[in-house]
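These values consider heavy atoms only, across backbone and side chains, with no hydrogens, waters or symmetry-generated copies.
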Amino acid sequence: LFSGAMVFDSSARSFRRADVAAIDGRIQLENAGSMPGARRIDCSGKFIIPGLIDCHVHLTGSGDPAELNAARTTPLAQRAWRAETYARATLHAGFTTVRDLGAADRLNIEMAHAVAAGLIEGPRILAAGLGVTMTGGHGHGFLATEADGADAVRKAVREQLRAGATAIKLFASGGVMTPGVDPRSPSFTEEELRAGVEEAHKAFRPVGAHAQATDGIKNAIRAGVDSIEHGVWLDDEAIEMMRERGTYLVATLTAPYQIAHRGLEAGIPSYMVDKGWQVLESHQDSFRRALQAGVRIAMGTDQGTPVNKPGENAQEILQMTALGMSSRAALMAATAWAAGLLRVGGEAGSISGGLAADLVVLDGDPLEN
């Protein structure tokens with residue numbers, strides 16, 4: 001029993017004084033303060049928020065700039081043991097749900113099963129297995145499987161579903177971290193993307209599209225993806241399309257910011273640093289304009305990219321508020337709105353009776369600081 005706290009009410013987007021009980025891992029609010037025999041935790045002067053949600057992570061990554069090359073030769077068992085520590089760090093930073101959008105050997109799916117079975121400590125994981133990219137596209141060779149043509153994309157998505165994926169990732173453009181790939185370039189066609197989305201949605205799985213290039217973003221929106229990941233070069237038409245269709249933006253502002261600003265001195269390869277600076281200003285401007293236009297926003301970090309470390313996920317919330325998002329909206333983007341995107345609103349994302357008791361107790365008011 002957590003007593004005497006100010007508890008975040010997602011429907012009112014404000015705090016109210018309440019007692020919260022956790023019974024067999026489920027929230028109880030009604031008559032919570034009158035439970036004889038409960039273990040009472042005095043939360044007077046503290047603030048309780050829902051467990052935070054990161055909609056874009058790579059739990060197998062440490063954030064070490066040299067890791068991508070080293071991981072290709074590191075045995076799978078060692079990568080799994082290390083990933084367990086990254087999952088634990090993420091959970092202990094207050095993130096109780098994540099969507100993992102790509103891991104070699106589909107290790108994210110196995111981690112999701114291990115967490116659910118209580119074998120390791122970590123957040124609830126929606127795992128995409130491998131992403132699906134075009135031949136030579138962003139992420140190929142490690143985090144994504146390659147496919148060309150609508151039928152091949154359809155098959156690749158079905159393979160991820162067969163492996164146990166609970167989310168799907170498609171690559172609609174180039175990106176920063178793949179050598180020789182221009183982030184301004186679209187990749188899959190609208191037809192290819194639509195085939196992947198259809199397969200995922202038939203299985204009731206949300207689809208995130210890595211989409212930085214303007215044309216790639218528009219192809220993904222028209223194809224029906226649930227979220228645009230990154231959204232670097234959003235023009236007015238793309239923003240309006242997202243607003244009209246209810247497509248979420250998961251901006252992952254932290255990833256290029258860290259690559260550009262930490263740069264060579266952190267050991268980040270020069271080609272990544274150059275592309276980080278190439279995207280940074282447009283990325284931040286796109287986020288501001290999408291926010292002002294009323295595009296749905298959910299929080300995601302791209303955790304695991306260089307100097308974007310497990311357990312430091314909350315820096316994305318600060319990035320969003322620095323670009324004009326209110327503290328209230330940023331908290332919603334990292335809880336209830338994120339749960340809406342991931343289709344887990346009946347399990348997590350708010351402090352409501354019957355939901356999982358994913359709770360974070362804070363010493364201060366996050367709406368003030």
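A 4.5 Å side-chain heavy-atom check between L341 and R296 finds every atom pair outside the cut-off. A heavy-atom distance below 4.5 Å is found between the side chains of L253 and L323. Two residues are said to be in side-chain contact when any heavy atoms from C-beta on lie closer than 4.5 Å; T305 and Q258 fail this criterion. For the pair N308 and I259, the minimum side-chain heavy-atom distance is 4.5 Å or more. Side-chain contact between T254 and D302: absent, with no pair of heavy atoms (C-beta onward) separated by less than 4.5 Å. Under the 4.5 Å side-chain criterion, counting only non-hydrogen atoms from C-beta, T90 is not in contact with V57. Counting heavy atoms from C-beta on, the side chains of L52 and T96 never come closer than 4.5 Å. With a 4.5 Å cut-off on side-chain heavy atoms, P366 and I49 count as touching.
Interatomic distance, CD1 of I41 versus OG of S3, reported as 8.5 Å (0.5 Å rounding). Going from atom OG1 of T247 over to atom CD1 of I228 covers 6.5 Å, rounded to the nearest 0.5 Å.
E121 and H92 share a donor-acceptor pair across their side chains, judged by distance under 3.5 Å alone. Q303 and E316 share no donor-acceptor pair across their side chains, judged by distance under 3.5 Å alone. Side-chain N/O atoms of Q160 and R205 include no donor and acceptor closer than 3.5 Å. Using a 3.5 Å distance cut-off with no hydrogens or angles, the side chains of H58 and N108 do not pair a donor with an acceptor. With hydrogens and angles left out, the side-chain atoms of Q284 and S282 include no donor and acceptor closer than 3.5 Å. Side chain to side chain, T135 and D148 meet the donor-acceptor criterion of an N or O pair below 3.5 Å.
In Q78, the CD atom is crowded: over 12 heavy atoms of neighbouring residues, nucleotides or ligands sit closer than 6.0 Å. In R262, the CZ atom is not crowded: 12 or fewer heavy atoms of neighbouring residues, nucleotides or ligands sit closer than 6.0 Å.
Using a 4.0 Å cut-off between charged nitrogen and carboxylate oxygen, R99 and D54 do not count as a salt-bridge pair. Ion pairing between a basic and an acidic side chain is recognised when a charged N comes within 4.0 Å of a carboxylate O; E199 and K155 show no such pairing. Ion pairing of E191 with R194 is absent here, as no side-chain N (NZ or NE/NH1/NH2) approaches a carboxylate O to less than 4.0 Å.
F47 has its ring centre less than 6.0 Å from the ring centre of F15. In summary, the aromatic rings of H230 and H210 are positioned with their centroids under 6.0 Å apart.
Here the closest non-hydrogen pair linking A104 and R79 is CB-NH1, 3.8 Å. Heavy-atom minimum distance, V207 versus A200: CG2-CB, 3.3 Å. I221 and A238 make their closest contact through CD1-O, 3.7 Å (heavy atoms, listed as atom of the first residue, atom of the second, distance).
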Original post:
Hey, mind stepping through R154 and E192 against salt bridge (Lys or Arg N to Asp or Glu O under 4.0 Å) and telling me if it holds?
Top reply: CA-CA 8 Å; R154 195 179 296 276; E192 290 171 317; over 6 Å; no

**OP:** Check the pair K309 / D64 against salt bridge (Lys or Arg N to Asp or Glu O under 4.0 Å), numbers first and verdict last.
**Re:** CA-CA 8 Å; K309 299 178 181 180; D64 183 339; over 6 Å; no

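Of the candidates R16, R17, R328, D9 forms a salt bridge (charged side-chain N to carboxylate O under 4.0 Å, His left out) with just one, namely R16. With E237 as the partner, the salt bridge (charged side-chain N to carboxylate O under 4.0 Å, His left out) test is satisfied by one option alone out of K218, R243, R222: K218.
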